[in-house]
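Below is one structure, written out as structure tokens; comments come after it.
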Amino acid sequence: MSFDWLNKFHREMNKADDYAEKTLAAYRLGMKAKGSIAGVRVVVDVNCCEVCQGLDEETVFHPDEAPLLPPEGCERGRGCLCVYRPVMKYEVE
């Protein structure tokens with residue numbers, strides 16, 4: 001996958017308190033600019049807690065509707081291994 005390096009980078013760092021807000025805002029701007037972003041997907045690591053394992057990885061969310069990361073009840077808190085990834089238009093067409 002083309003985002004493997006980014007997934008590794010984001011999983012190894014603690015998420016800022018505003019991680020979800022800032023990340024989703026960036027993807028929202030990309031969509032508003034009529035770019036090639038169709039939405040966002042939540043990527044769950046195999047080592048995530050049960051709460052995170054229950055997140056929907058298949059749905060392409062509009063940034064306004066994506067679940068917030070880290071999810072409430074995540075055992076790792078700001079060290080959550082879940083990340084947002086853009087879904088490109090060519091992936092869903």
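What's counted below: heavy atoms across the whole structure, side chains too, no hydrogens, waters or symmetry copies. Index from 1, following the sequence.
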Look only at the side chain of [X] and the backbone of [Y], and say whether a donor-acceptor pair between them is shorter than 3.5 Å.
X: Gln53; Y: Asp45; answer: yes
X: Arg41; Y: Glu57; answer: yes
X: Lys15; Y: Gly77; answer: no
X: Asp18; Y: Glu21; answer: no

**Prompt:** Can you check whether Pro70 reaches Cys82 side chain to side chain, under 4.5 Å on heavy atoms?
**Reply:** no
Drop me the distance from [X]'s [atom1] to [Y]'s [atom2], to the nearest 0.5 angstrom.
X: Arg76; Y: Cys48; atom1: CZ; atom2: SG; value: 7.0 Å
X: Leu55; Y: Cys49; atom1: CG; atom2: SG; value: 8.0 Å
X: Leu81; Y: Leu69; atom1: CG; atom2: CG; value: 11.0 Å

**Prompt:** With ring centroids as reference points, do Tyr84 and Phe61 lie under 6.0 angstrom apart?
**Reply:**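 Centroid distance Tyr84-Phe61: not below 6.0 Å, so no.
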**Message:** Would a single hydrophobic cluster contain both Val44 and Val51, if residues Ile, Leu, Val, Met, Phe, Trp and Tyr are joined by side-chain heavy-atom contacts under 4.5 Å?
**Reply:** no
**Prompt:** Is there a path from Val40 to Tyr90 through hydrophobic residues (I, L, V, M, F, W, Y) whose side chains come within less than 4.5 Å of each other?
**Reply:** yes
Quick one: closest heavy-atom pair of [X] and [Y], and the distance?
X: Val42; Y: Asp56; answer: CB-O, 4.1 Å
X: Lys89; Y: Ile37; answer: CE-O, 4.0 Å
X: Val60; Y: Gly39; answer: CG1-CA, 3.8 Å
X: Met31; Y: Ala38; answer: CE-O, 3.4 Å

**Fill in**
Residues at least two apart in sequence or cross-chain that pass side chain to side chain contact (heavy atoms under 4.5 Å, CB included) with Ser36, listed by chain then number, are Met88
**Fill in**
The single option from Val83, Asn14, Leu68 that satisfies side chain to side chain contact (heavy atoms under 4.5 Å, CB included) with Tyr19 is Val83
**Prompt:** Given Tyr27 and Lys32, is the side-chain contact (heavy atoms from CB on, under 4.5 Å) satisfied, shown in steps?
**Reply:** CA-CA 9 Å; Tyr27 292 139; Lys32 189 175 184 179; over 6 Å; no
